[in-house]
2 protein chains.
Amino acid sequence: MLDRDGPAGLTMRAVAQQLGMGTMSLYRYVADREELEGLVVELVLGAVDPAPPEGGGWQERVTVMVERVRVAVGAHPAVVPLTMTHRHRSPAILRWSETVAGILAETVTDPERRVVALRGLLSYLVGAIQLEHLGPLSGPGTAAIAGLDPAAFPHMRQLGGAARQVGADEEFRGGLALLLAGISGGPGPARTRKA
Amino acid sequence: MLDRDGPAGLTMRAVAQQLGMGTMSLYRYVADREELEGLVVELVLGAVDPAPPEGGGWQERVTVMVERVRVAVGAHPAVVPLTMTHRHRSPAILRWSETVAGILAETVTDPERRVVALRGLLSYLVGAIQLEHLGPLSGPGTAAIAGLDPAAFPHMRQLGGAARQVGADEEFRGGLALLLAGISGGPGPARTRKA
DNA sequence: ACCTGAACACCGTTCAAGT
DNA sequence: ACCTGAACACCGTTCAAGT
């Protein structure tokens with residue numbers, strides 16, 4: 001239903017009708033709309049395989065894990081607005097985090113630095129997915145950028161041409177690679193503070 | 001109104017009443033609710049100073065720029081759900097991007113790599129702000145993590161203790177520092193692809 | 001011509017009436 | 001006891017009636 005009618009199509013009434021029951025019958029299974037949304041989010045995120053990837057270095061394995069979430073959400077883009085509100089209590093993301101934390105433990109020995117690295121990865125993942133699905137690429141945003149006053153936005157104007165050469169996959173992977181490079185960089189807190 | 005009643009409090013009727021006019025009078029100034037939300041988002045993001053910071057290295061100046069957005073949004077957390085839907089056509093973010101792109105041009109010469117770096121920064125910024133305001137820190141998420149089965153989530157359990165030692169500021173800055181370290185890392189595309 | 005109240009088609013949820 | 005329709009209190013927006 002979400003895929004067909006978008007986030008606004010997921011109403012208690014519509015879901016009940018789809019299930020061939022009265023609207024109020026839904027409240028037998030669900031406390032309120034919030035909980036129903038959570039179940040939908042979990043249904044989508046449940047497609048993410050939490051098992052650690054087999055081969056490759058830690059950076060490649062983290063990339064595989066991150067890409068799995070991107071693919072799962074990409075299969076149902078309409079869920080993106082819902083994930084934002086319901087991500088925190090998702091068991092699927094928790095299992096995903098557990099695996100990624102395990103991989104990170106191989107190279108980031110200090111727990112506090114590992115927390116920062118894990119949250120950094122999650123932040124990038126959340127933001128990049130949203131920019132991909134709700135960003136300027138889809139919608140009238142690109143036109144707005146193209147019509148910019150070149151005098152006021154010289155750098156953005158220059159980047160506009162280059163941006164068309166960078167595909168969505170390349171952009172996502174490239175940004176992730178920058179973050180991973182930073183994680184593999186300096187082991188001491190000095191580098192972190194300096195940078 | 002957003003600060004007082006949350007995102008749900010921003011209704012056409014409530015806004016009109018606050019302004020002392022009939023509900024329909026709003027449509028004299030605004031096409032629909034979407035446009036009104038956009039104006040609110042722009043009002044909050046308009047507080048971001050787009051002028052390039054004066055001193056310091058490029059990493060410190062980018063950090064200042066990123067922190068400015070975080071502070072502006074942090075002053076009105078209820079706007080976070082709205083920014084997600086309206087960020088793309090925001091002139092304020094465009095001006096911000098122009099300045100950051102200019103700073104990045106100092107060290108990232110290749111335009112395509114600069115696009116990736118800028119989008120990476122924006123992705124991290126968007127995700128980190130959301131995790132900060134809608135994440136496990138606020139709400140019952142932390143309790144859920146604390147009550148985890150230690151056998152199934154050994155790494156997360158271990159990180160739970162360390163996470164309490166890492167403040168929100170430190171976490172945000174730390175993750176950003178990782179990304180900046182990656183940007184300043186390898187100039188060639190080989191590193192990007194390898195990582 | 002400009003402005004805006006009543007009305008319409010929704011929504012989530014309460015509550016009492018059905019079985 | 002279990003289930004669910006009617007009703008309530010909202011919402012954004014249309015449309016025609018006011019000035």
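With rounding to the nearest 0.5 Å, the separation of CD1 in A/Ile103 from CZ in A/Arg114 is 12.5 Å. The CG atom of B/Leu104 sits 10.5 Å away from the CE atom of B/Met65 when rounded to the nearest 0.5 Å. Rounded to the nearest 0.5 angstrom, B/Leu94 CG and A/Phe153 CZ are separated by 5.0 Å.
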Sequence neighbours left out, cut at 3.5 Å: what donor-acceptor pairs do the side chains of residues 36-46 of chain A make with other protein atoms?
unit_1	atom_1	unit_2	atom_2	d
A/Glu37	OE1	A/His86	NE2	2.8
A/Glu37	OE2	A/Arg33	NH1	2.6
A/Glu42	OE1	A/Ser90	OG	2.9
A/Glu42	OE2	A/Ala92	N	2.9

Practice item. Could you encode protein contacts along nucleotides 7-19 of chain C as a string, one character per nucleotide from 5' to 3', using B for base contact, S for sugar-phosphate-only contact and - for no contact, with a heavy-atom cut-off of under 4.0 Å? Key: B---BBBB-----

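With no hydrogens or angles considered, a side-chain donor-acceptor pair links A/Gln130 and B/Gln130 at under 3.5 Å.
Going from atom CE of B/Met21 over to atom P of C/dC3 covers 9 Å, rounded to whole Å. Rounded to whole Å, the distance from CZ on B/Arg28 to P on C/dG5 is 13 Å.
Few gaps surround CD on A/Glu35; more than 12 heavy atoms of other groups in view lie less than 6.0 Å from it. Applying the 6.0 Å contact sphere to CD of B/Glu106 captures more than 12 heavy atoms from other residues, nucleotides or ligands.
Side-chain contact check for A/Leu121 versus A/Leu180: some heavy-atom pair is nearer than 4.5 Å.
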Review point. Pairs counted as Watson-Crick or G-U wobble with both distances under 3.5 Å: what dot-bracket string results for DNA chain C, using | for bases tied to another strand?
Key: ||.|||||...|||||.||

